[in-house]
Amino acid sequence: MRRTGLGVIFCTLLILCACASNSATAGGDLTGVTWVLDQASMMTLVDTVPVDARIDIAFDGAQVHGRAACNSYGGGYQSGDGALTFDQFISTQVACEMP
């Protein structure tokens, strides 16, 4: 899941953003919300996933951060008028150990 990790992050964010933007349009506050992608959903994105892998995204004020298996990422975001946009993310590039 070396290079695939970035693809997983991208796909995960697309999925989670779709859910988060629905919440934002309903007037929900994203601060304090953490979205977690389950193991079955991860398997639809990549062929192999470490058993203890966690992919999530958490909203905290104007910042967002999360984990994608053995890597972490973060950056800024803005929400309003039913839209959710992200600033450029920073990310670690750790090679995950595969089972």
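Keep in mind that the numbers below use all heavy atoms, side chains included, and drop hydrogens, waters and symmetry copies.
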| When rounded to the nearest 0.5 angstrom, what is the spacing between CD1 in Ile57 and NE2 in His65? | 9.5 Å

| request: Drop me the distance from Gln39's CD to Thr44's OG1, to the nearest 0.5 angstrom. | output: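 The OG1 atom of Thr44 is 11.0 Å from CD of Gln39, to the nearest 0.5 Å.
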
Any idea which heavy atoms bring [X] and [Y] closest together, and the distance?
X     : Y     : answer
Val94 : Cys70 : O-SG, 3.4 Å
Tyr77 : Asp87 : N-OD2, 4.2 Å
Ala58 : Thr34 : CB-OG1, 3.5 Å
Arg54 : Met42 : CA-CE, 4.3 Å

| task | Say whether, by atom type as modelled, one donor and one acceptor occur between the side chain of Asp56 and the main chain of Gly66 under 3.5 angstrom. | result | no

| query | Looking only at atom types and distance, does a side-chain atom of Ser91 sit under 3.5 Å from a main-chain N or O of Tyr73, one as donor and one as acceptor? | reply | no

| Any side-chain heavy-atom pair from Leu45 and Leu37 closer than 4.5 angstrom? |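 The answer is yes; the side chains approach within 4.5 Å.
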
| said: My understanding is that only residues two or more places apart in sequence, or in another chain, count here; which of them pass side-chain hydrogen bond (donor to acceptor under 3.5 Å, both in side chains) with Asp38? | reply: Ser41

